[in-house]
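Data first, discussion second: the structure below is written as structure tokens.
Quantities reported herein were computed from a predicted structural model and do not represent experimental measurements. Residue numbers start from 1 in every chain, and the chains themselves are labelled A, B, ... in the order their sequence lines are given, proteins ahead of strands.
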Amino acid sequence: MEYRPDVGLEDLCPVCGDKVSGYHYGLLTCESCKGFFKRTVQNSKKYTCVENQQCRIDQTQRRRCPFCRFQKCLRVGMRLEAVRADRMRGGRNKFGLMYKHDRALKQRERALIQARRFRPERNPIWASSTHQRHMAFTDGLHPTANLHSTPTTTDKSPSLSSLLPSNSPFVPQYQFAFPSNWTIKSEHNNNWASSTGSTAGICTDSYDPSSRCSSAQDPVIPQLVLEFLHCDPDELQLRNKITAHLQQEQTGWERYRDPETFNLMCVIADQMLCLIVEWARTSIFFKQLKVSDQMKLLHHCWSELLLLDIISRQILYGKEGSLLLVTGEEVELSDIVFHADPALANLTQRGQKLVEKLHILKVDRQEFACIKFLILFNPDVKELEEHGLIESVQEQIQRALLEYTLSTSSQYLSRFTHLLLCLSELRSLSILTEDYLYWRHLNAEMPCNNLLSEMLHAKRA
DNA sequence: CTAGCCTTGATT
DNA sequence: AATCAAGGCTAG
């Protein structure tokens, strides 16, 4: 296998693919597109397209249609407001900070790639993917990048049923034993909410985060937790997959620096859902379930998993005051709240509060990996064929998580209880989010024919 | 018009 | 003083 640098994307102009000469009008572009954008805006140029406004824009053909070229400039995120009305030269503009953040992010990314190169990690999840993705940069087919445009066979995300059937034979590694020395007593339907009542007495004291053990003495990571970690996809691979897809879709992913681009967020969420399904179907325990049960479980918990994915990203990699997207972009939370409608603003704020709580608890990657499985294996889902099996897996996960928590925190019971309370909040937040998305979906404000809309319909059918 | 190179000037 | 993203200039 030969070495090919996969960092090429950010060195190419997102408009025409030429060599980038620096940040211009909001993002990294080449010198010629910088000049073209400047001339167009300064002189208020009006172009027309002699074709059907779908001209391919690349380095050799960029001169042929200024109309389509300018459309693409806007689409990839070049900012009109960065062209100065007074034509003042020199100095800096308000984007300076954004450029700085972007640079830091790219630097971090490079470091990650560098580190991974020396410690190559075999990842069976991606290798065994049945869903082929075209990484090639196919330009010119969707020039307006209208996300409502009729999906082609490549840009339409596959249905859940087509994603699920697994070819890999199951090799049993774990016994489904029931030596439950302890269980979380469930008084309600809700797994998480139950802990409020039964263990309330223990958790009235506030949790002291300093009780979290330092890594000085290595915590004992239970075998099952290690297995969950092994199933957990690598963040950088997720990022590369999603950005490759967005490139292919010609959506110009820089656009969501503008928090109003709800559509693009939906495309990202849809792609994340595909990857979550991929994670599940190749994961321990889940891959041996009947496909019908797999579908029921995923239909039930997809929004929780999606939210947890977003939230865990903030805690593991993000920073305060901004939302880190899977693509590596950061969006100011205040911008989102300012631009969003009241319902979305409220969801964002509640989500942020949850992030803060989990941040105080210092939830780590091991625990997030466990929690994902806890959410997936929900024995309260109706009409499960292998209910007993799913229940026993749920108990094993709970045991493993508690065992791990025990080894990393001196106040493990308090900590564990707080963790479960957070999951209860995650549950209600996911229900609200589904309602919100469904409402936008009914108003035809979302891209259709994708996994996201399939999931939205599943529970309401 | 295009695009490569030049000048400018606030920020660091 | 160095940086670097604005605007400016000018052959082709």
Side-chain angles (χ1 to χ4, degrees), chain A residues 5 7-111 113-114 137 139-140 143-145 243 247 250 252-261 319-322 325 327-332 334-335:
Chain A
V7 285
L9 281 179
E10 62 253 36
D11 298 323
L12 299 180
C13 173
V15 180
C16 70
D18 200 353
K19 192 172 148 262
V20 157
S21 71
Y23 285 91
H24 306 295
Y25 309 109
L27 51 95
L28 289 167
T29 73
C30 70
E31 195 64 23
S32 71
C33 288
K34 165 202 156 190
F36 170 76
F37 190 77
K38 182 187 68 176
R39 288 193 301 276
T40 303
V41 178
Q42 279 183 338
N43 305 322
S44 311
K45 298 265 185 209
K46 297 282 180 287
Y47 309 113
T48 47
C49 177
V50 293
E51 297 290 320
N52 51 355
Q53 310 192 343
Q54 302 190 4
C55 302
R56 176 195 187 88
I57 304 298
D58 61 24
Q59 195 177 343
T60 56
Q61 308 206 53
R62 63 193 178 200
R63 266 164 297 192
R64 289 168 70 105
C65 182
F67 177 89
C68 290
R69 189 182 189 181
F70 189 59
Q71 289 304 305
K72 195 166 179 189
C73 285
L74 293 174
R75 206 165 70 230
V76 302
M78 293 183 79
R79 301 300 197 96
L80 292 166
E81 65 268 34
V83 179
R84 295 169 186 166
D86 58 4
R87 299 202 163 195
M88 211 256 290
R89 301 172 76 182
R92 297 284 154 87
N93 60 18
K94 61 172 176 167
F95 295 116
L97 205 63
M98 190 172 85
Y99 296 147
K100 203 175 146 189
H101 285 159
D102 199 60
R103 248 192 285 271
L105 209 68
K106 285 189 162 62
Q107 186 60 46
R108 227 168 38 196
E109 205 163 310
R110 262 189 290 274
I113 290 168
Q114 204 62 245
F137 184 69
D139 198 352
T144 52
T243 47
Q247 280 280 345
Q250 285 267 288
W253 57 276
E254 281 88 354
R255 264 214 316 173
Y256 61 94
R257 287 204 176 97
D258 172 5
E260 282 177 354
T261 53
K319 63 167 192 260
E320 213 178 332
S322 63
L325 302 169
T327 49
E329 282 290 298
E330 284 179 51
V331 185
E332 293 294 316
S334 52
D335 281 356

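Taking the salt bridge (Lys or Arg N to Asp or Glu O under 4.0 Å) definition, one finds that Glu51(A) meets it with nothing, sequence neighbours left out. In this structure, Ser44(A) has no side chain to side chain donor-acceptor pair (under 3.5 Å) partners at least two apart in sequence or on a different chain.
Between the CZ atom of Arg79(A) and the C1' atom of dA5(C) there is a distance of 15 Å, rounded to whole Å. In this structure, Tyr23(A) places its OH atom 17 Å from P of dT3(C), rounding to the nearest Å.
Taking all atoms of both residues into account, the shortest heavy-atom contact from Leu12(A) to Gly17(A) is CD2-O, 3.4 Å. Residues Arg79(A) and Phe37(A) come closest through the heavy atom pair O-CE2, 3.4 Å. Across every non-hydrogen atom of Cys30(A) and His24(A), the tightest pair is O-CD2, 4.0 Å. Closest approach of Tyr99(A) to Gly26(A), counting heavy atoms only: OH-N, 2.8 Å. Taking all atoms of both residues into account, the shortest heavy-atom contact from Phe67(A) to Thr48(A) is CB-C, 3.7 Å. For Ile57(A) against Arg62(A), the heavy-atom pair with the smallest separation is CG2-CB, 4.1 Å.
Between its two ends, the helix from dC1(B)-dG12(C) to dT12(B)-dA1(C) turns its axis by 10°, counting five pairs per end and rounding to 10 degrees.
Nucleotides of DNA chain C nearest to Gln42(A) and Ser21(A) differ in position, and the one nearer the 5' end is that of Ser21(A). Mapping Lys34(A) and Asn43(A) onto DNA chain B by nearest heavy atom places Asn43(A) closer to the 5' end of the strand. For the pair Glu31(A) and Arg63(A), both in contact range of DNA chain B, the more 5′-proximal nearest nucleotide belongs to Arg63(A).
With 3.5 Å as the limit, one finds a donor-acceptor pair spanning the side chains of Thr40(A) and Tyr47(A).
Taken residue by residue, residues 84-94 of chain A places heavy atoms nearer than 4.0 Å to DNA chain C at Arg84(A), Arg87(A), Met88(A), Arg89(A), Gly90(A), Arg92(A), Asn93(A).
Partner of Val15(A) under the side-chain contact (heavy atoms from CB on, under 4.5 Å) criterion, chosen from Gln71(A), Lys72(A), Gln59(A), Lys34(A): Lys72(A).
In summary, contact between chain A and DNA chain B, defined as any nucleotide atom under 4.0 Å from a heavy atom of the protein, begins and ends at dC1(B) to dT11(B) in the 5' to 3' direction.
Judged by distance alone, the side chain of Arg84(A) and the main-chain N or O of Met88(A) form a donor-acceptor pair under 3.5 Å.
Counting any heavy atom pair closer than 4.0 Å across all strands shown, Arg69(A) reaches sugar-phosphate atoms only and no base atom.
The aromatic rings of Phe36(A) and Phe70(A) sit perpendicular, their planes meeting at an angle over 60°, well past the 30° parallel limit.
With contacts defined as side-chain heavy-atom distances shorter than 4.5 Å, the pair Arg69(A)/Ser32(A) qualifies.
Put simply, Tyr25(A) has no side-chain N or O that comes within less than 4.0 Å of OP1 or OP2 on dC4(C).
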Taking only N/O atoms, report every protein-nucleotides 9-11 of chain C pair under 3.5 Å with atom names and distance.
none

